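My questions will all concern the structure given below.
These figures come from a predicted structure and were not determined experimentally. Side chains included, hydrogens not; waters and symmetry mates left out as well; all remaining heavy atoms used.
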Amino acid sequence: MSTPFLNPKHRLLRRTVRAFCEKELRPIAGQIDQEARFPWEVVEKMARLGYFGIQAPVDLGGAGLDAVSYAVIIEEVSRVSAAIGLCLSVHNSVALYPIVAFGTPEQHRRWVPDLAGGKKIGAFCLTEPNVGSDAGAVAATAVPTPDGWLVNANKVFVTNGGIADICLVFARTDPSAGRKGISVIVAERGSKGFVVGDLEDLCGMRANPVSSIRLYDCTVPKDNLLGSPGQGLAIGMAALDTGRIGIAAQALGIAQACLEEGVRYANQRQQFGVLLARHQAIQMMIADMATQVEASRMMVYRAAALKDQGMPVGLAAAQAKLFASEAACTVSDLAVQIHGGYGYSKAYAVERYYRDARVTRIYEGTSEVHRLVIAREVLNG
Amino acid sequence: MSLNSIVCIKSVVLSAPDGVGRRTPQNSDLNPFDRPALEAALRIKASLGGSVTALTMGPAVSIEALAEAQAMGVDGAVLINDPSLAGSDTLVTSRVLAAAIGRLTPYGFVFFGTRSADSDTGQVGPQTAALLGVPFVSGVKQMQPASDDWDITRRMDEWEEVWRVRLPAAVSIHPMAFSPRPIPLAGIAQAHDHMKVQSWSLADLGLPADRVGLAGSPTRVANLKKVKRQRTCRMLDGEPREQVEALVAYLGTKGLMGS
Ligand SMILES: Cc1cc2nc3c(=O)[nH]c(=O)nc-3n(C[C@H](O)[C@H](O)[C@H](O)COP(=O)(O)OP(=O)(O)OC[C@H]3O[C@@H](n4cnc5c(N)ncnc54)[C@H](O)[C@@H]3O)c2cc1C
């Protein structure tokens, strides 16, 4: 894989992360998927090495890396275990990043060092049973009281939900203000009324403890409001702009893994007296896979590079997320096809990649919603 | 007691299609045998204080190997890069390294990997030590200060030897002995954003051009080709126990398994 955009820092980063993941995650990646187990033993090592504060400022305990580095890290982790890539992507870009970007210095001191050091895990709680793509319809409420915010929320599909300590909860603070009446309240696990629901029994990403989080008359300190009242959706959208780079990088990592497995198998299995790789039908698949992977990579790194240059990144990130997630599904499908029946068996990793790839078209905005966003930008300029 | 160490590292080529190993960034990496050497030096620094300097001779791409050493935690990095060094063999490499080490005094230990992943001679460490006139212990797995001296344990197959040496000394580190630390992400950002590599040319070392490069090298690579090893398969028969015994005996005669 030749990547002309990467500078020496990114190359060292890729080698370092790849070596770590091969050593620590590869041996357990299939097993944690099957057991739906969050691998604390590896996650704690990652935390010490800075994986939970990739872009957070150094003076707040982060690694101080740029967005391209972030994309490289998520890609490499997801290449081995997409579920752990998901954990990092959500923690770094939609939990920690909004606190860094919108928090007060006091909020930085309270939350960023613990999050960046991985001592606490973050989550992003927007989706509700009846609120998915239409984020403006949030029904959760946060009512100001003399003691702080009285929050009632039923949040579902919370990535990292089962282990999260610090949750960004989208709740309505002004019932009459529609989309402008939603705010972000930071709720901490352990507060009275903070309940972690059952884990979802997912198709893929099974090592991530995705769960519901419910707040029943939970009183949250007044200072836990992130940004200003009514700024919730704006914060959410800003977070998702970065988040999309993470999910796109995750899809890229899965697709890369599928390509590697496809090539490996094609060079090993014989049918009709020759290697699969000698059959033209298989060669066509490999060519399509390699091209999709490389195109995804260009789009992901481009979006990240734009962000590093301080350019608007919304459109590029949305396009990267749409393209890379669709590509990951195509490529994983082809990887299974190359493996034949074995690709449909848990004996081979592509079976897991196939399941993991599927959700990248759904979360942090479905492909359909991304097309809406892209079309709006392209049509309105 | 604090101790300054120098670790000689190499940026190796990863592949040589058509017999040519191109020194591009994509095709280069820090010699894996040097990571344990860096680790050993950093551990001594952690327990005794002092400094660790990474030293490499090579083309500009070797900066990336120095950056990795910095990300691991070394204090200083020196690159010896000069067009006239192209084609240097192990003797010249040792001559150049010894000249550079002469400028990095005072030092206690010079560390080497046991060998390089792309040339595999294992000559540079001992040759450099000989040129410096310091004792050299190879395949080291443990280093203990012992009053004025150091006890250095080296590993060879199933044996261990302990040597007592007086500093300055040079060692090559057994590849299995010091498991290199995983690199923290912040270290990578630090290493690149605050790169502090000193770049030295031949003139800085006071070496004439005819003593280095192809001109100064008594040996040169005449040809490089990939060999494909023939794989053979031998079926063992008999009861499982007999098969296991035959296999163990075979591995024993090949020296692949201890008795
Ligand atoms: C594993 C996993 C992890 C998740 N993690 C999180 C998390 O951490 N935090 C969080 O808040 N949420 C999370 N989600 C929720 C995820 O973001 C939502 O599932 C997603 O936004 C879609 O919402 P929905 O499932 O309600 O689908 P719906 O919005 O009901 O959509 C159903 C279908 O209708 C389409 N559709 C909807 N509206 C339109 C429209 N206007 N035009 C065209 N088509 C449309 C959709 O594209 C989709 O195909 C997670 C989901 C999963 C599966």
**Item:** A:Glu76/A:Arg18 ion pair, N-O < 4.0 Å
**Value:**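 Counted as a salt bridge, because a side-chain N and a carboxylate O are separated by less than 4.0 Å.
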**Message:** Which one wins on heavy-atom pair count under 4.5 Å against chain A: B:Leu30, B:Thr24, B:Asp29, B:Leu185?
**Reply:**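 Of the options given, most contacts go to B:Leu185.
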**Request:** Could you check whether the rings of A:Phe38 and A:Trp40 sit parallel, tilted or perpendicular, using 30° and 60° as the cut-offs?
**Result:**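 A:Phe38 and A:Trp40: perpendicular rings.
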**Request:** Determine, stepwise, if the pair A:Phe124 / A:Thr159 fulfils side chain to side chain contact (heavy atoms under 4.5 Å, CB included).
**Result:** CA-CA 7 Å; A:Phe124 178 88; A:Thr159 295; over 6 Å; no
**Message:** Between the side chains of B:Asp193 and A:Lys9, is the shortest nitrogen-to-carboxylate-oxygen separation below 4.0 Å, so that they form an ion pair?
**Reply:**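 Looking at B:Asp193 together with A:Lys9, the answer is yes, because their closest N to O distance falls below 4.0 Å.
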**Message:** Would you say that more than 12 heavy atoms from the other residues, nucleotides or ligands in this model lie under 6.0 Å from the CZ of A:Arg302, or not?
**Reply:**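 Not more than 12 within 6.0 Å, no.
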**Request:** Identify which of A:Gly62, A:Ser69, A:Gly50, A:Ala63 forms the greatest number of heavy-atom pairs closer than 4.5 Å to chain B.
**Result:**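 When all of A:Gly62, A:Ser69, A:Gly50, A:Ala63 are compared, A:Ala63 has the most.
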**Prompt:** Got a sec: does the CZ of A:Arg37 have more than 12 other heavy atoms crowding it under 6.0 Å?
**Reply:**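 For A:Arg37, atom CZ is crowded (more than 12 foreign heavy atoms under 6.0 Å).
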**Prompt:** Do any of residues 50-82 of chain B come closer than 4.5 Å to chain A, heavy atom to heavy atom, and if so which ones, in number order?
**Reply:**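 From residues 50-82 of chain B, the residues near chain A are B:Glu64, B:Ala67, B:Glu68, B:Ala71.
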**Asked** Looking at A:Ile73, A:Leu65, A:Asp66, which makes the most heavy-atom pairs under 4.5 Å with chain B?
**Response**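 Heavy-atom pairs under 4.5 Å are most numerous for A:Leu65.
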**Request:** Please step through side chain to side chain contact (heavy atoms under 4.5 Å, CB included) for the pair A:Leu168 and A:Phe102, ending with a clear verdict.
**Result:** CA-CA 12 Å; A:Leu168 273 57; A:Phe102 297 96; over 6 Å; no
